[in-house]
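One structure is given below, encoded as structure tokens.
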Amino acid sequence: MNKNYGFASALRMSADEFTVGVLGDLHMDPRKMEDYEIGQKQWLPIFEEAKEKHGNAALVSLGDLGESKSVRPAETSELFAGTTECHKLAAGFLGSFGVPYEVIGGNHDLEGLDEFETDTENLEVFLREHGKPTPHFSRLVAEKTLLVGLGSTVFREAQYTSHEVTIDDEQIEWFEQTLKDHPSTEGWKIFVFTHAPPNGSGLRVLQENHVVNGCCWLNHSDDKKCRKFIELVREHRCVKAWFSGHFHLGQDYQDSITFPTIPIEEGPYPNRGSCVFVQTSVMRGGTSRDGRQQSRLIRGNKDGFEVCTVDHQKDGAVRVDATVTYTDDNHEVGVYGHKDESRSGDEYFKVYSPSAGDQYHPPDECYVGYNEDGTLDICDSIKPESNAWWYMADGRVLGFCKSMLVEYDPSTLAPLGLVMGADELIGKKIAIIDSGLEGECDISDEEGMEGADCAAGPMREQAVVVYDDEGNVTVIQPNEDGSYWRKIVRNKMVRMKEVRRVKAAKAFAAEILNMKEDDVDKKVVSTWGPYTTTSGTAKKTGVAGLTAPAQL
């Protein structure tokens with residue numbers, strides 16, 4: 001990775017006014033260029049006006065530049081996203097707006113799996129085609145106003161889902177140093193751009209997609225790094241706004257923008273430093289989850305900035321979504337420009353988030369506190385409309401929403417991931433019970449557990465139990481790091497190879513065993529791991545209801 005962390009791409013202008021265009025997930029497809037051509041033409045007069053007025057103008061792309069499927073299915077199954085062809089097409093498009101552009105990598109931009117063996121090779125082409133020295137960028141767009149971007153650099157090497165947006169350690173260190181070098185006390189104002197938002201942003205998310213798959217927030221699967229970004233925002237009040245895409249959701253919802261402070265009568269203090277978090281939609285209709293086709297426009301000066309929508313379905317009409325006024329270097333006031341503009345079906349995209357309250361506000365009505373005897377009364381029976389959340393003794397936070405048991409981040413109460421799905425939960429009950437040993441620790445005689453001692457600690461040990469009236473009981477075991485959410489979706493390269501092995505096994509069974517297609521689908525199974533038992537000795541590998549038993 002290039003270690004040139006200087007302002008190689010800086011525009012050194014003296015005026016305090018600036019204009020920045022922000023494009024969400026492009027997912028360009030060379031067969032479907034009409035929406036991009038229309039969108040580009042709608043942007044041109046906006047940039048021309050800015051260049052005539054003050055000259056401080058730039059364009060930022062939030063990544064995911066190419067379509068994650070074959071664009072020539074009759075010729076090849078190769079995915080278009082992440083290929084050299086993809087990045088050449090995107091570079092030409094982004095360079096056609098008449099202003100300098102910056103781009104950061106999303107979760108699909110290193111997906112050139114057939115063309116490149118490694119993430120490093122794929123990243124080198126991404127940087128080369130876009131004229132970037134590093135995956136991150138820093139651009140001085142106006143006096144004391146810095147645009148900063150961080151890009152995802154992992155796909156093939158992802159520990160879990162390849163669609164997690166991963167900012168590597170080198171970029172995080174650079175980012176933290178950049179914030180230290182540009183303090184708010186010296187008048188600096190920094191606008192940050194990443195593909196996915198950070199944990200704690202408060203933006204509308206897709207629980208049924210990004211949350212349960214563990215790819216909602218930056219560095220989602222790593223507890224410490226996932227919280228790092230909001231911790232930096234809270235510490236460094238020079239960060240004034242943070243723009244992200246990733247969710248393919250429109251900009252008509254008020255919670256597509258969240259403010260750092262809100263009036264006390266409206267709810268608890270959100271603890272987001274001085275930062276306004278902003279969700280960015282998409283340009284092409286076929287890539288939108290809610291039908292919107294929109295981009296973001298930032299217009300600012302020394303006194304504050306506007307966050308606007310450029311609506312590609314309304315001839316590029318510009319709408320002011322929020323106005324942010326600086327009251328001093330460390331504080332600002334934000335005002336929404338309009339109420340929610342809802343359409344039929346938008347409620348699907350609204351996800352409940354717990355509120356712990358503060359010194360002026362109690363927790364929300366879904367919070368379940370402990371009784372005097374240390375027990376929890378959660379609910380009689382879980383229904384699709386049931387909502388509840390609670391703290392475990394170790395500080396972890398669990399709750400259920402939309403029939404799913406979900407873990408939430410203790411600091412931000414942002415959803416982290418799926419613990420148990422509706423297929424196992426509806427109609428059942430949840431109990432939180434003490435599971436630690438009382439008094440002296442007993443020495444186990446169980447094979448494989450000889451000499452095991454209980455660990456001392458200030459928090460009591462608990463078990464989460466799901467049960468029904470028929471006597472079925474499921475113990476929800478936490479992960480080794482103490483978290484509960486299940487990292488079910490794994491690296492895409494691993495999954496592709498597994499699919500090919502199963503496909504080959506089915507062909508083998510059909511040919512050698514003369515099995516019919518329906519029988520092949522039912523009888524060809526895979527082994528799964530890594531753990532299926534609490535035993536300390538590996539004697540059996542079968543899983544009831546999953547693997548085929550021996551015929552002996």
Side-chain angles (χ1 to χ4, degrees), residues 107 154 158-166 196 199 205-227 351-354 378 382 384 386-392 394-410 412-433 435 461-468 472-495 498-499 525-534 541 543-547:
N107 54 291
V154 176
Q159 183 177 5
Y160 301 108
T161 173
S162 296
H163 296 298
E164 179 179 359
V165 180
T166 303
N199 173 348
V205 300
L206 288 169
Q207 181 160 299
E208 288 83 358
N209 189 329
H210 297 101
V211 174
V212 300
N213 291 335
C215 59
C216 188
W217 317 116
L218 296 175
N219 296 47
H220 191 136
S221 65
D222 187 307
D223 269 6
K224 185 177 180 181
K225 293 178 182 177
C226 187
R227 280 195 294 271
V351 176
Y352 162 75
S353 293
I378 297 176
I382 298 172
S386 298
N387 275 347
W389 67 276
W390 62 93
Y391 288 97
M392 300 293 291
D394 63 358
R396 299 278 176 178
V397 181
L398 299 179
F400 45 84
C401 176
K402 292 190 175 182
S403 309
M404 293 183 285
L405 184 61
V406 175
E407 181 171 5
Y408 297 92
D409 181 86
T412 65
L413 292 182
L416 291 177
L418 178 69
V419 179
M420 180 174 280
D423 58 320
E424 295 186 80
L425 206 56
I426 291 180
K428 297 184 180 180
K429 304 174 184 179
I430 290 183
I432 312 300
I433 60 177
S435 60
E461 185 180 292
Q462 294 176 309
V464 181
V465 175
V466 176
Y467 64 101
D468 60 27
N472 299 303
V473 179
T474 300
V475 179
I476 298 179
Q477 301 285 7
N479 302 313
E480 292 179 2
D481 63 359
S483 65
Y484 283 88
W485 71 276
R486 301 168 68 180
K487 300 172 177 67
I488 298 172
V489 181
R490 291 158 298 118
N491 182 292
K492 189 168 187 175
M493 292 288 289
V494 173
R495 290 185 285 116
E498 289 173 348
V499 169
V525 298
S526 298
T527 59
W528 302 103
Y531 312 114
T532 60
T533 176
T534 59
T541 58
V543 180
L546 176 63
T547 56

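As a basis for the values below, the full set of heavy atoms in this structure was taken, side chains included, without hydrogen atoms, waters or symmetry mates. Residues: numbered from 1 along the sequence shown.
Scanning both residues, Ile430 and Ile432, for their nearest heavy atoms gives CG2-CD1, 4.1 Å. In terms of heavy atoms, Ala414 sits closest to Trp217 at CB-CZ2, 3.7 Å. The heavy-atom pair separating Ala388 from Ile378 by the smallest distance is CB-CG2, 4.4 Å. Val473 approaches Tyr467 most closely through the heavy-atom pair CG2-CB, 4.0 Å. Closest approach of Tyr484 to Val464, counting heavy atoms only: CE2-CG2, 3.9 Å. Nearest heavy atoms, Lys428 versus Glu424: CD-O, 3.1 Å.
Counting only heavy atoms from C-beta outward, the side chains of Pro410 and Arg227 approach each other to under 4.5 Å. Side-chain contact between Glu407 and Ser483 is present, with at least one heavy-atom pair separated by less than 4.5 Å. Within the 4.5 Å cutoff, side-chain heavy atoms of Leu398 are placed close to those of Met392. Taking 4.5 Å as the limit, some side-chain heavy atom of Pro384 sits within range of a side-chain heavy atom of Ile426. In this structure, His220 and Thr161 have side chains that are not in contact, with every pair of non-hydrogen atoms separated by 4.5 Å or more. You'll find the side chain of Leu416 reaches within 4.5 Å of the side chain of Asn199, heavy atoms only.
If you take CD1 on Ile476 and CG on Leu425, they are separated by 7.5 Å, rounding to the nearest 0.5 Å. The distance from the CH2 atom of Trp485 to the CG atom of Leu418 is 10.0 Å, given to the nearest 0.5 Å.
The aromatic rings of Trp389 and Tyr391 stand perpendicular to each other, their planes meeting at an angle above 60°, with 30° marking the opposite boundary.
At most 12 heavy atoms of other shown residues, nucleotides or ligands fall within 6.0 angstrom of atom CD in Gln159.
In this structure, Glu164 contributes its side chain and Ala158 its backbone to no donor-acceptor pair below 3.5 Å.
A salt bridge does not link Lys224 to Asp481: none of the charged side-chain nitrogens sits closer than 4.0 Å to a carboxylate oxygen.
Between Val165 and the choices Asn219, Val154, Asn107, the side-chain contact (heavy atoms from CB on, under 4.5 Å) rule is met once, by Asn107.
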